[in-house]
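The figures that follow rest on heavy atoms only: side chains count, while hydrogens, waters and symmetry mates do not.
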Protein chains: 2
Amino acid sequence: MSDQRSASRTSASAAQPAAAGSNLLFLREEEIRSAQDLLFFAYRDFTNAADVILDEIGLGRAHHRCLHFIGRNPGLAVTDLLGLLRITKQSLARVLGLLVDEGYVAQSPGRADRRQRLLTLTERGQALERRLFEQQRDRLIAAYREAGSGAVEGFRRVMRGIMDDEARQYIDSADTSARGRKG
Amino acid sequence: MSDQRSASRTSASAAQPAAAGSNLLFLREEEIRSAQDLLFFAYRDFTNAADVILDEIGLGRAHHRCLHFIGRNPGLAVTDLLGLLRITKQSLARVLGLLVDEGYVAQSPGRADRRQRLLTLTERGQALERRLFEQQRDRLIAAYREAGSGAVEGFRRVMRGIMDDEARQYIDSADTSARGRKG
DNA sequence: CCATATACGTCAACAATGCTGACTCATTTT
DNA sequence: AAAATGAGTCAGCATTGTTGACGTATATGG
């Protein structure tokens, strides 16, 4: 690979606001653009961590997302899973159908509302989800160790702030139920 | 939407390690799983912020990524862009070709190595990239304000720790060149 | 009880964005 | 002169997202 990249970075005339002396504004913008980089690279490599295992089994990231959210919310209804993933029912059907066919996910009718198909991981699904989890866990633990324990709280606060209200509520309720364990 | 979700969260038997009393391990695992959630939702909503504008123009996220990295690294060589995005030349060609055709990106032969096609944003490309940037900027600024200035450093450190070495070097070199401004 | 809404599933077609493999051409390096 | 590299291109395919249109079972409200 050539060394062009680092040689030319930030030499763009566009990065300089027209007004002179507004170095604060410049730093602010650079800070934001740097955060764009952070989100792209961290997400890319974090999701990538599970890909080798997924490839072996012939599944994709979409399947992993399902396993993750079902594992985290046993008895989740299909509508709720759709709300978390923000994809269409038809997109989910392809992915979820395979997971059910291959015995990773089980469906059972809701007792209160028998129209629902509540989703849980089978033992096989739990085993797979755990293997995938461990890959990402190792990466996160290394990151946490490097960053220092004080950094984690800041990470959580900023990430929470980036997402929209609905996602925040989900995150917050997971937090409280993890500590209080009140079902 | 049903309320099944919050009712059942973390009631999975799988979340409990077999050994009793290892509550530290449990909290650790919950913390990691929560970070998985954070990455998914933050990335989802962050990228989403630019989608409305992209839709109007008939471009996608892949185009945005190109505009971002070219804008941030004027004179970037194609090989280096491929290295940042980690996609194949053929995938990039589709996306980049359109950006060039539509006048968002300009190519010019390298002086040192005339095989290279160095990439820059045209004025049109800069204008579009700015519009997209502003959407994500607003989200980040709100998140930074909510999280507090102390949180930002922690965010940056953890995100940096998640990505692989090559990406870290890129991030670090951007940091130094932004302050020192030495091309 | 009946009308309407909801939860879930399904078929069909299409779009965006990844991938592999195979080649060409220009230029640089050895 | 030979080999490597930077860039482009064609062809085909996989994954995962989208619309639109229906069908069925169950719940809910007048």
Side-chain angles (χ1 to χ4, degrees), chain A residues 1-5 40 43-44 47-48 50-52 54-67 70 75-101 105-119, chain B residues 1-5 40 43-44 47-48 50-52 54-67 70 75-101 105-119:
Chain A
M1 188 185 302
S2 86
D3 240 13
Q4 193 66 40
R5 187 197 340 129
F40 174 73
Y43 190 79
R44 182 196 67 178
T47 54
N48 232 334
D51 280 350
V52 174
L54 288 167
D55 261 23
E56 282 173 14
I57 312 183
L59 300 179
R61 290 176 184 177
H63 304 98
H64 186 191
R65 285 193 283 272
C66 289
L67 292 173
I70 296 171
L76 190 69
V78 172
T79 301
D80 293 335
L81 181 53
L82 285 172
L84 291 172
L85 297 172
R86 297 254 184 100
I87 61 177
T88 59
K89 187 173 47 166
Q90 295 90 327
S91 294
L92 178 60
R94 237 180 343 217
V95 170
L96 191 54
L98 183 62
L99 290 175
V100 171
D101 287 351
V105 169
Q107 296 171 303
S108 63
R111 300 122 316 190
D113 185 339
R114 286 177 2 237
R115 292 171 302 179
Q116 294 179 325
R117 303 295 152 86
L118 306 186
L119 305 168
Chain B
M1 187 183 304
S2 86
D3 239 18
Q4 194 66 38
R5 185 190 351 122
F40 174 73
Y43 190 80
R44 182 195 69 179
T47 54
N48 231 336
D51 280 350
V52 175
L54 288 167
D55 261 21
E56 282 173 13
I57 311 182
L59 299 180
R61 290 176 185 177
H63 303 98
H64 186 192
R65 284 193 283 271
C66 288
L67 292 173
I70 296 171
L76 189 69
V78 172
T79 301
D80 292 335
L81 181 54
L82 286 173
L84 292 172
L85 297 173
R86 297 254 183 101
I87 59 176
T88 59
K89 187 172 48 168
Q90 296 91 325
S91 293
L92 178 60
R94 238 178 346 216
V95 170
L96 190 54
L98 183 63
L99 290 175
V100 170
D101 287 351
V105 169
Q107 295 171 303
S108 63
R111 301 122 317 191
D113 185 338
R114 284 171 9 231
R115 291 171 305 182
Q116 294 179 324
R117 303 296 153 85
L118 305 185
L119 305 168

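Within the 3.5 Å criterion, the main-chain N or O of A/Leu54 finds no donor-acceptor partner in the side chain of A/Arg61.
Phosphate contact (OP1/OP2 of C/dG18, side-chain N/O of B/Thr88, threshold under 4.0 Å): absent. At the phosphate of D/dG17, OP1 or OP2 sits under 4.0 Å from a side-chain N or O atom of A/Arg65. Regarding contacts with the backbone of C/dC19, a side-chain N or O of B/Ser91 is found under 4.0 angstrom from either OP1 or OP2. A close approach under 4.0 Å does occur between a side-chain nitrogen or oxygen of B/Gln107 and OP1 or OP2 of D/dG8.
A donor-acceptor contact under 3.5 angstrom links the side-chain atoms of A/Arg115 to the base of C/dT6. The base of D/dG17 does not come close enough to the side chain of B/Arg61 for any donor and acceptor atom to sit less than 3.5 Å apart. In terms of polar N and O atoms assigned as donor or acceptor, the side chain of A/Arg94 comes within less than 3.5 Å of the base of D/dG17 in a complementary pairing. Under 3.5 Å, the side chain of A/Lys89 and the base of C/dG9 form at least one donor-acceptor pair of N or O atoms. In the interface, the side chain of B/Arg114 is not paired with the base of C/dT27 through any donor and acceptor atom under 3.5 Å apart.
Comparing C/dG18, D/dA7, C/dC8 by their nearest atom to the side chain of B/Ala77 picks out D/dA7. Comparing atom distances between the A/His63 side chain and each of D/dT16, C/dC8, D/dT9 picks out D/dT16 as nearest. Among the nucleotides D/dG8, D/dG17, C/dA7, the one closest to any side-chain atom of A/Thr79 is C/dA7. Relative to the side chain of A/Asp113, the nucleotides D/dG8, C/dA7, C/dT17 differ in distance, and C/dA7 lies closest. For B/Gln90, counting side-chain heavy atoms from C-beta on, the closest listed nucleotide (D/dG6, D/dC10, D/dG17) is D/dC10.
Taking the nucleotide of DNA chain D with the nearest heavy atom to each of A/Leu59 and A/Gly110, the more 5' of the two is matched to A/Leu59.
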